[in-house]
Protein chains: 2
Amino acid sequence: MAVTEICVDCAVRDQALCGSLTDAELGALNRLGRRQTIARGETVIWAGDESIICGNLLEGVLKLSASSSDGREQIVGLLYPADFVGRPYADDADFTVTALTDAELCVFPRKTFEGLLEDHVRMERLLLQRTFAALGEARSRMLMLARSSAEERVASFLLGMADRAGSASCRAMPDGPVTFDLPLTRGQVADVLGLTIETVSRQMTKLKAAGVISLPGGRAVTLRDRDALRARAEAAS
Amino acid sequence: MAVTEICVDCAVRDQALCGSLTDAELGALNRLGRRQTIARGETVIWAGDESIICGNLLEGVLKLSASSSDGREQIVGLLYPADFVGRPYADDADFTVTALTDAELCVFPRKTFEGLLEDHVRMERLLLQRTFAALGEARSRMLMLARSSAEERVASFLLGMADRAGSASCRAMPDGPVTFDLPLTRGQVADVLGLTIETVSRQMTKLKAAGVISLPGGRAVTLRDRDALRARAEAAS
DNA sequence: CGGGCCATTGAGAGTCGTCAACGACTGTGG
DNA sequence: CCACAGTCGTTGACGACTCTCAATGGCCCG
C-alpha cells in the first residue's frame with residue numbers, strides 16, 4: 001500500500017487522534033489536511049473569530065489563553081505535541097491559540113474535520129475521551145487558581161513541568177536531581193498560574209534559597225529535593 | 001407504539017442527550033436506566049471512587065466539587081436539569097457530585113452507557129458537543145478565578161444566576177428589576193467564586209448599599225440596576 | 001554602544017482571608 | 001410554650017499575602 005505523503009513522517013502519528021485510523025483511512029486524510037509551521041509568538045486562532053480550523057499539534061508548545069476586555073490575561077491550557085487543537089461544532093473560537101515556541105501543526109478545515117469525525121467513529125470516540133480529560137484538567141486547575149497560595153502554585157507547576165520534560169529524557173532514578181528548560185518566560189508562567197511576574201520570581205528565588213531547586217541560568221531549572229517540592233505543592237493535583 | 005414507562009413523563013426528554021433518540025430507541029433505553037432521587041446535601045459520586053454511573057439530571061441542582069488534601073474546596077461546576085452527569089471512559093470519578101437541592105436523576109451503569117454511546121452515534125456526537133461546551137465554560141471560569149476581583153466575581157455571578165432564573169419566569173422587560181432565589185447558601189456561592197463567606201457577604205451588602213441590588217430576605221435577590229451590575233462585572237464572561 | 005526584553009529585588013499599598021462576636025431563623029425536646 | 005442548639009448571614013478588627021510601582025542589571029541583537 002502506498003504510504004501517505006503527509007502522514008509518513010508524522011512524529012505523533014500513533015499518539016494523536018489519527019492513531020485510530022487504518023492506513024487506508026490515512027490515505028484519505030492525506031488529501032484533506034496540510035502542514036502549517038508557526039513561528040514563536042505567532043497566533044493561530046483568535047478568540048471570537050470564526051472557528052475555521054482543527055488539527056493536531058506535531059511539534060512545539062502552544063498556549064490557549066483567555067483575556068478580559070481590559071487586558072488581563074490567563075493561560076487556560078498548554079498544548080503539547082499530539083494534542084488536539086480547535087473547536088469542532090462551534091461557529092466561533094472560544095480562546096486564542098498562540099505559539100510559545102516555533103511549532104508545526106497538521107490542520108484541516110473545521111467542516112472537513114467534522115465530516116471526518118462522522119465517518120470515523122473510533123476517532124470521534126478518541127476525541128470525546130480526550131475532551132473529557134481536558135475538562136478534568138481544566139477543573140483541577142480551577143481548584144489551584146482559586147485556593148492555592150503562590151508557593152503551592154509554583155511548586156506544583158515545577159513538578160508538572162519536570163514530569164513532562166522528564167518523560168522525554170527518561171531517567172533511571174525517579175527522585176534524583178533533574179534539570180530542564182522551561183519553555184515559558186516568567187511572564188508566561190505567571191499567566192498560567194494566575195500570578196504576576198514578580199510573585200513568580202520571588203517564589204523561585206525563595207525555593208532556590210531553601211535549596212529545593214537551583215536556577216543554573218537562562219530558563220533552566222534543577223529540582224534538587226523533589227519531596228520538599230511536593231510538600232510545598234500540597235493542595236495541587 | 002407503546003410509550004416507554006420511564007421516559008414518558010421525563011421533564012427534560014427533548015433537552016437532554018436522549019433528545020437525539022427515536023421512540024424505538026427510547027424503548028431500549030427504558031430497560032437499562034432507572035430513576036434515582038437524592039435528598040439535598042446527599043452525595044451521588046465521590047471523587048476517586050470507581051466511576052460507576054452516568055446519567056442525566058432531571059430536576060434540582062447539583063454541584064461538582066474538587067477539594068485538596070487539607071480540606072479546601074472549590075466548586076468546579078454546577079449542574080442543572082438536562083445536564084449530563086458522570087465520566088464515561090474513565091475508571092475513576094474525578095470530582096464529587098453533591099445535591100444542592102432535592103434532585104432526581106436518570107442513571108445508567110457506566111459500562112451500559114458506554115455501550116449506548118457506541119450504538120447511538122447521534123447521542124455520542126451530542127455528548128461531544130456538550131463536553132466541549134463544558135470545557136469552554138470551565139476555561140472561562142479559570143479567567144475569573146485567576147484575575148477577577150471579589151466585586152467582579154459576585155456581580156457576574158448574580159448576572160449569570162439571573163439569566164438562568166429569568167429564562168424560567170420569562171419576562172417581557174429585559175432590563176427591569178428581577179427577583180429570584182439563589183439555590184445556594186453564601187458558603188456555596190463562596191465555593192463557586194473562590195472566595196470566603198465573609199467576602200461574599202460584604203460584597204453583597206456593598207452592592208445593596210450602592211442601590212444596585214436589594215436583598216428582600218431569605219435567599220432572594222432583586223437586581224435593580226442591571227447596567228450598573230454589568231459595569232461592576234467587567235472582566236467576566 | 002545603545003535599545004529591547006527579561007529577570008530580580010525593594011518598598012508600599014490594598015484586597016481579601018482569618019478570627020471573633022452577634023442576630024435571625026428553624027427545628028427539637030423538655 | 002419556651003429554652004436550646006444548630007445553621008446561616010452579617011459585621012468588625014486585624015494581618016498577611018500578593019499586587020503595583022519603581023529601579024536595577026544581565027543578555028541578546030542591531
Side-chain angles (χ1 to χ4, degrees), chain A residues 39-41 68 70-74 98 100-101 143-155 157-158 181-210 213-222 232 234-235, chain B residues 39-41 68 70-74 98 100-101 143-155 157-158 181-210 213-222 232 234-235:
Chain A
R40 177 168 169 272
S68 58
D70 59 348
R72 284 171 283 182
E73 178 181 329
Q74 175 63 30
T98 307
L100 295 180
T101 65
L143 175 62
M144 181 207 77
L145 291 172
R147 304 296 185 190
S148 296
S149 69
E151 181 177 41
E152 289 167 332
R153 296 185 204 197
V154 171
F157 175 78
L158 290 177
D181 273 330
L182 289 178
L184 311 178
T185 67
R186 289 283 184 278
Q188 287 160 351
V189 175
D191 281 344
V192 171
L193 300 180
L195 300 169
T196 59
I197 294 181
E198 296 92 327
T199 301
V200 172
S201 185
R202 274 187 257 268
Q203 294 300 329
M204 297 279 269
T205 55
K206 200 170 104 185
L207 289 173
K208 187 176 79 173
I213 64 171
S214 306
L215 300 171
R219 280 175 202 157
V221 182
T222 304
R232 285 163 196 257
E234 289 213 310
Chain B
R40 177 169 168 273
S68 58
D70 59 347
R72 284 171 281 181
E73 180 180 328
Q74 176 62 32
T98 308
L100 295 180
T101 66
L143 175 62
M144 180 207 77
L145 291 172
R147 304 296 184 189
S148 295
S149 69
E151 181 176 41
E152 289 168 333
R153 297 185 203 196
V154 171
F157 175 79
L158 290 177
D181 274 329
L182 289 178
L184 311 178
T185 67
R186 289 285 185 278
Q188 288 159 350
V189 174
D191 281 344
V192 171
L193 300 180
L195 301 168
T196 60
I197 295 182
E198 295 93 326
T199 301
V200 172
S201 185
R202 273 187 258 268
Q203 294 299 330
M204 297 277 269
T205 55
K206 199 170 105 185
L207 289 173
K208 187 176 79 173
I213 64 172
S214 305
L215 300 171
R219 286 186 194 147
V221 182
T222 305
R232 285 164 196 255
E234 288 213 312

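In what follows, chains carry the letters A, B, and so on, assigned in the order in which the sequence lines appear, proteins first and then strands, with residues in each chain numbered from 1.
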Next on the checklist: Measure CZ/B:Arg186 against C1'/C:dG23 and give the value in whole Å, please.
Outcome noted: 15 Å
Item to check | Whole-Å gap separating P (C:dA7) and CG (A:Leu215) | outcome: 11 Å
Item to check | Euclidean distance, atom CD1 of residue B:Ile197 to atom P of D:dT10 [Å, nearest integer] | outcome: 10 Å
Checklist entry - What is the distance, rounded to the nearest whole Å, between atom CG of B:Leu193 and atom C1' of C:dT15? => result 16 Å
Checklist entry - Can you tell if the side chain of B:Arg232 reaches within under 4.5 Å of the side chain of B:Gln203, non-hydrogen atoms only? => result no
Item to check | Among A:Glu234, A:Arg202, A:Lys206, side chain to side chain contact (heavy atoms under 4.5 Å, CB included) partner for A:Glu151 | outcome: A:Lys206
Checklist entry - Out of D:dT11, C:dC6, C:dT9, which nucleotide sits closest to the side chain of A:Thr205? => result C:dT9
Checklist entry - To the nearest Å, how far apart are A:Met204 CE and C:dA7 P? => result 9 Å
Checklist entry - So do B:Met144 and B:Leu193 actually touch side chain to side chain, heavy atoms under 4.5 Å? => result yes
Next on the checklist: According to salt bridge (Lys or Arg N to Asp or Glu O under 4.0 Å), does anything in residues 188-201 of chain A pair up with another residue at least two apart or in another chain? List the pairs.
Outcome noted: A:Asp191-B:Arg147
Next on the checklist: Nearest whole Å is fine: how far is D:dT11 C1' from B:Leu207 CG?
Outcome noted: 16 Å
Next on the checklist: Each nucleotide in nucleotides 13-23 of chain D should get exactly one letter: B, S or -. Can you fill that in based on protein heavy atoms under 4.0 Å?
Outcome noted: B----SSBBB-
Checklist outcome for this item: Smallest heavy-atom separation, A:Ile213 atom then A:Met204 atom, equals CD1-O, 3.8 Å
Checklist entry - At under 4.0 Å between heavy atoms, what does A:Arg219 touch on the DNA or RNA strands: base, sugar-phosphate, or nothing? => result sugar-phosphate
Item to check | Integer-rounded Å distance: C:dG17 P and B:Asp70 CG | outcome: 15 Å
Next on the checklist: Please report the distance, rounded to the nearest Å, between CG in B:Asp191 and C1' in C:dG17.
Outcome noted: 14 Å
Next on the checklist: Could you tell me if the side chain of B:Leu195 sits less than 4.5 Å from the side chain of B:Phe157, heavy atoms only?
Outcome noted: no
